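Below is one structure, written out as C-alpha cells, with a few remarks after it.
Residue numbers start at 1 and run along the sequence shown. Keep in mind the model is a prediction, meaning the values are calculated, not measured.
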Amino acid sequence: GVIHGQRVVLINRKCMKNIFVRVLPRSSKEEVVGFMANGVLKVKLTTPPVDGKANEKLIDLLSSYYSVHRSAVSIVSGHTSKNKHVSIEE
C-alpha cells in the first residue's frame, strides 16, 4: 500500500520502500523536513549538486533517517534532478 508517498513492495522476502524525494541543495542546514501534501519527502542538504556529492549526502541522510545501512538506499531515478525516486531496503 501507499502511506505518505511511500510504496512498500516485497521482493525476494525483502521489504523495499519506494519514496519520492525533493532535494533542496545549498540549504543552511541538513535535515529531513518531512512529507509534503503531495506525498513527496522534502530534504534539505548543505552540499551543492556537484559531481554527485549531493546524491551521496542524500544517501547518508536517508540511511540515518530510516535506520538502515547506507548500501540499503539507492537512487532509482533523478540522479541529476532535484526530484528523485529512491528505494530503501529494510
Side-chain angles (χ1 to χ4, degrees):
V2 177
I3 302 170
H4 293 290
Q6 302 176 47
R7 184 168 179 237
V8 179
V9 180
L10 289 175
I11 299 173
N12 296 331
R13 297 187 182 265
K14 293 181 182 176
C15 184
M16 301 293 289
K17 189 176 288 189
N18 289 294
I19 60 172
F20 292 93
V21 180
R22 172 76 173 174
V23 177
L24 301 174
R26 294 189 180 104
S27 295
S28 59
K29 62 181 179 176
E30 293 185 345
E31 67 175 329
V32 176
V33 178
F35 286 95
M36 298 186 294
N38 62 0
V40 175
L41 183 64
K42 188 175 184 180
V43 176
K44 291 183 178 181
L45 299 175
T46 57
T47 315
V50 178
D51 298 328
K53 291 179 182 175
N55 287 341
E56 292 300 313
K57 197 62 185 174
L58 175 65
I59 290 171
D60 288 341
L61 194 61
L62 290 178
S63 65
S64 175
Y65 183 77
Y66 283 100
S67 301
V68 296
H69 290 286
R70 197 176 184 287
S71 62
V73 179
S74 61
I75 298 173
V76 177
S77 64
H79 291 86
T80 59
S81 171
K82 292 180 182 181
N83 298 310
K84 302 182 185 302
H85 174 196
V86 178
S87 178
I88 301 165
E89 183 180 315
E90 294 186 308

Those residues that, when tested against [X], pass side-chain contact (heavy atoms from CB on, under 4.5 Å) (two or more places apart):
| X | result |
| --- | --- |
| I88 | K17, I19, Y66, V68, V73, V86, E90 |
| S27 | L24, K44 |
| H69 | S71 |

- [ ] With sequence neighbours excluded, tell me which residues meet side-chain hydrogen bond (donor to acceptor under 3.5 Å, both in side chains) with T46.
- [x]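 Result, side-chain hydrogen bond (donor to acceptor under 3.5 Å, both in side chains) vs T46: E30.
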task: Spell out, yes or no, whether F20 and M36 are grouped together once hydrophobic residues are joined by side-chain heavy atoms under 4.5 Å, including indirect joins.
output: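 In one cluster: yes.
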Notebook entry, point to check: Is there a path of hydrophobic side-chain contacts, each under 4.5 Å between heavy atoms of I, L, V, M, F, W or Y residues, that connects V43 with Y65?
Noted result: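 Cluster IDs for V43 and Y65 match.
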Next on the checklist: So which atom in T47 and which in P25 form the shortest heavy-atom distance, rounded to 0.1 Å?
Outcome noted: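 Answer, listing the atom of T47 first, then P25: O-CB, 3.5 Å.
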Identify all side-chain donor-acceptor contacts of residues 48-63 below 3.5 Å with residues at least two apart in sequence or on another chain.
residue: N55; atom: OD1; partner: K84; partner atom: NZ; Å: 2.9
residue: N55; atom: ND2; partner: H79; partner atom: O; Å: 2.9
residue: E56; atom: OE1; partner: R70; partner atom: NH2; Å: 2.3
residue: D60; atom: OD1; partner: R70; partner atom: NE; Å: 2.5
residue: S63; atom: OG; partner: I59; partner atom: O; Å: 3.2
residue: S63; atom: OG; partner: D60; partner atom: O; Å: 2.8

Distance check, rounded to the nearest 0.5 Å: K42 atom NZ versus E31 atom CD?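 One finds 9.0 Å between NZ of K42 and CD of E31.
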